[in-house]
Number of protein chains: 2
Amino acid sequence: MLQKKIIKILTDAGYKLTRQRRIIIEVLLKNRRPLTALELYNQAKHRLPAISHDTLYRNLEVLSFLKVVSRINARGGDLFELEKHHHHHFTCLQCGEVKCLDGCPIGPGQLAEARRQGLEVVYHKFELSGYCNKCKPAERM
Amino acid sequence: MLQKKIIKILTDAGYKLTRQRRIIIEVLLKNRRPLTALELYNQAKHRLPAISHDTLYRNLEVLSFLKVVSRINARGGDLFELEKHHHHHFTCLQCGEVKCLDGCPIGPGQLAEARRQGLEVVYHKFELSGYCNKCKPAERM
DNA sequence: CTTTCTGCAAATCGTTTGCAATCCT
DNA sequence: AGGATTGCAAACGATTTGCAGAAAG
């Protein structure tokens, strides 16, 4: 998703385009991987020292609501990233690193049970965990 | 998973069987759906008024570590449930209700991309969201 | 101008910690 | 007995809130 498109989504929804919003979007665009709120904050602060945590959180909320940003619930704080292409993540149980997985292996077959229960699925998240290349040979437990 | 089996796992791992642990396990057994720590606390407190939050959290940690309990990272607090049969969940975006889905539609095909990246997958979570039967006809947004 | 948005500071929520007392085995 | 486990109280980190002033349309 390009910056222009994101800004259009924002303004079309009646939100104003503030300096801090522009910077938050730029930071998200530059980092195409899931980041913690703190990481985003630090990068944004670098560009606009006066920015505050609450502004960041408020805007991540707005951007999540508009489906521009996807929020990944994780232990120790949620992660945020631009909803560019739909994809999923792998978290290493040892070192905690989060890797993006290309593509989405979820098709109608995987949604059959929910449909059977009469549920209307509008979104799904598929999160893998295990051991990354680095941590695979290490001791476990 | 039966109570006996759970207790065996616990003691085999060198943990002691305390009153609070027994009660936490009983509460988990009675509620075969994901609960917040607070819900678990309230139910456990009903049986043992002196039980404390920290004891509950510490034991949920132990039980998660032993894979007896699965912990679901969620907005507003993690959810916990007995790892009975492996399955997944659906969350209604409108009313917040969490429903369990029978079975698991994830097979080797869905793990191919992670494997290709050399990742060793030991666990996965598949979370659906959308609108439940009750909320389907309602206004959205 | 009017409404939305920001920064501040303080509050809140879920969860964790240090410690002395208490409980299992 | 002796380490594991508890309850307490206090600390913690992530996130949210109320509010008055600042900025966008």
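Note that the structure is predicted; figures quoted are calculated from it, not measured. Lettering follows sequence order; numbering is per chain, from 1.
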Practice prompt. Report the distance from atom CG of A:Leu63 to atom P of D:dT15, rounded to the nearest whole Å.
Written response: 15 Å
Worksheet item: Just to confirm, is there a sub-4.0 Å distance from OP1 or OP2 of C:dG7 to any side-chain nitrogen or oxygen of A:Thr55?
Response: yes
Atom pairs under 3.5 Å: protein N/O with N/O of nucleotides 22-25 of chain D:
| from | atom 1 | to | atom 2 | distance (Å) |
| --- | --- | --- | --- | --- |
| D:dA24 | N3 | A:Lys16 | NZ | 2.9 |
| D:dG25 | OP1 | A:Leu17 | N | 3.3 |

Worksheet entry | A:Asn31 and A:Gln43: CA distance, side-chain angles, deciding distance, side chain to side chain donor-acceptor pair (under 3.5 Å) verdict | CA-CA 10 Å; A:Asn31 293 275; A:Gln43 293 197 31; 2.7 Å; yes
Response to the item:
Once base and sugar-phosphate atoms are separated, protein heavy atoms under 4.0 Å mark nucleotides 15-20 of chain C, 5' to 3', with B, S and - as BBBB--
Worksheet item: Under the 3.5 angstrom rule, does the side chain of B:Gln117 hit a backbone N or O of A:Cys100 as a donor-acceptor pair?
Response: yes
Discussion item. Tell me whether B:Arg21 contacts the main-chain N or O of B:Lys16 through its side chain, where contact means a donor paired with an acceptor under 3.5 Å.
Written reply: yes
Item to complete: Check for a donor-acceptor pair, side chain of A:His88 on one end and backbone N or O of A:Phe126 on the other, with a separation under 3.5 Å.
Response: yes
Worksheet item: Are A:His124 and A:His86 near enough that their ring centres are under 6.0 Å apart?
Response: yes
Practice prompt. Take B:Leu40 and B:Leu56, measure what side-chain contact (heavy atoms from CB on, under 4.5 Å) needs, and give me the verdict at the end.
Written response: CA-CA 8 Å; B:Leu40 290 169; B:Leu56 174 63; 4.1 Å; yes
Item to complete: Could you go through the side chain to side chain donor-acceptor pair (under 3.5 Å) check for B:His89 and B:Glu81 one step at a time?
Response: CA-CA 11 Å; B:His89 303 99; B:Glu81 80 177 321; 2.8 Å; yes
Practice prompt. Round to the nearest Å and state the distance from B:Ile7 atom CD1 to C:dC24 atom P.
Written response: 13 Å
Practice prompt. Give the rounded distance in Å between these two atoms: CD1 of B:Ile51 and C1' of D:dC8.
Written response: 14 Å
Discussion item. Over all strands shown, is A:Gly14 touching base, sugar-phosphate only, or nothing at heavy-atom distances under 4.0 angstrom?
Written reply: nothing
Worksheet item: Rounded to the nearest Å, what distance is computed from the CG atom of residue B:Asn59 to the C1' atom of nucleotide C:dC23?
Response: 13 Å
Discussion item. Can you tell me how far apart OG1 (B:Thr18) and CD1 (B:Ile51) are? Round to the nearest 0.5 Å.
Written reply: 8.0 Å
Worksheet entry | Length of the CG-C1' vector between B:Leu10 and C:dT25, whole Å | 14 Å
Item to complete: Would you mind checking if A:Glu61 and B:Arg75 are paired as a salt bridge, meaning a charged N to carboxylate O distance below 4.0 Å?
Response: yes
Worksheet item: Has the side chain of A:Gln110 got a donor or acceptor atom that lies under 3.5 Å from a matching backbone atom of A:Gly107?
Response: yes
Discussion item. Tell me which residues in residues 20-27 of chain B lie within less than 4.0 Å of DNA chain D, going by non-hydrogen atoms.
Written reply: B:Gln20, B:Arg21
Worksheet item: Rounded to the Å, how far apart are A:Leu56 CG and D:dT15 P?
Response: 9 Å
Worksheet item: Between CD of A:Glu39 and OH of A:Tyr41, what distance do you get to the nearest 0.5 Å?
Response: 14.5 Å
